[in-house]
Amino acid sequence: MAHSQEVRDKVYRLYVYERQSLEIAAMMAEIPFSTARRWKDSDRQKGNDWDKMRAANQMATGGLEDVSRAILSGFLVQYQSTVDQLSLNENIKPEQKVDMLASLADAFNKTVAASRKVLPETEQLATAMGVINLLAEFVQQHYPQHLTAFVEILEPFGNEIQKKYG
C-alpha cells in the first residue's frame, strides 16, 4: 500500500525532531515498522541520513551544555573503541601501541579540559540557585514577616542571576 508524502514526512518529523524511536514513529503514523525502516534506508542512500539529522537537531536545539555532553559522549565512545582495537590488534608493535595510547590519552585530556571550560557557567548557575533556595528557606523559617518583601525582590533578582550565569 502506497503512503502519502504527508505520512512519510510525519515519520521523519517524529524520528528526527521529536526524537521518537523509529518503531514508535511508525506506530504513531499508523504504518508498518518495515516501511519506516525502508524509507529511512532509502533516504540515507540518497544522502539524507536521518540519524545524522537527528543528532544535529539534538545539538542545535539543546543548550551549550547539551552540545558539550554530546561531543564528550561521542569522544568517549570512540576512545573506548580505539583502546579495545589496540588491545586486540597483535600486528601493532608494543612501541607503536604506547605511542598511540599516549596520543589518545592526550586527546582525552584535552577534550575533558575543553568540556570543563563550557560547563562552569552551568555549575555557577546551579550554585547561585542553590544559595537563593537556602536563603528563601532561611527567611521563611526565621523571618516569616519579611517573606513577602523577599519574594518581591526575588523575581527581579532571579532575572539578574539568569543574565549573569544563564
Heavy-atom side-chain contact between V11 and T35 under 4.5 Å: no
D49: salt bridge (charged side-chain N to carboxylate O under 4.0 Å, His left out) partners, not counting sequence neighbours: none
Interatomic spacing from CG in L22 to NZ in K40 - rounded to 0.5 Å: 6.0 Å
D9 versus Q5, side-chain donor and acceptor atoms under 3.5 Å: yes
Minimum-distance pair of heavy atoms, taken over all atoms of A25 and Y15: CB-N, 4.3 Å
Lys/Arg-Asp/Glu bridge criterion (N-O < 4.0 Å) met for D43, R8: yes
Geometric class of the W39/H3 ring pair [parallel <30°, tilted 30-60°, perpendicular >60°]: perpendicular
Transitive ILVMFWY side-chain link V16 to M27, under 4.5 Å: no
Full working for salt bridge (charged side-chain N to carboxylate O under 4.0 Å, His left out) between D41 and R38: CA-CA 5 Å; D41 291 341; R38 188 175 64 251; over 6 Å; no
Side-chain (Q96) to main-chain (K93) donor-acceptor, under 3.5 angstrom: yes
side-chain hydrogen bond (donor to acceptor under 3.5 Å, both in side chains) partners of Q78, counting only residues at least two apart: none
CZ (F33) with more than 12 external heavy atoms under 6.0 Å: yes
Salt bridge flag under 4.0 Å for residues D51 and R54: no
Test item: Y143 and Q145 side chains (from C-beta on) under 4.5 Å apart, heavy atoms: yes
Nearest-0.5 Å distance that lies between atom CD in Q20 and atom CZ in R13: 10.0 Å
Close side-chain approach of L14 to I24, heavy-atom, < 4.5 Å: no
Atom pair OG (S21) and CE (M28), whose distance is rounded to the nearest 0.5 Å: 10.0 Å
Salt bridge (charged side-chain N to carboxylate O under 4.0 Å, His left out) partners for E23, two or more places apart: none
Sub-4.5 Å side-chain heavy-atom contact between Y12 and V7: no
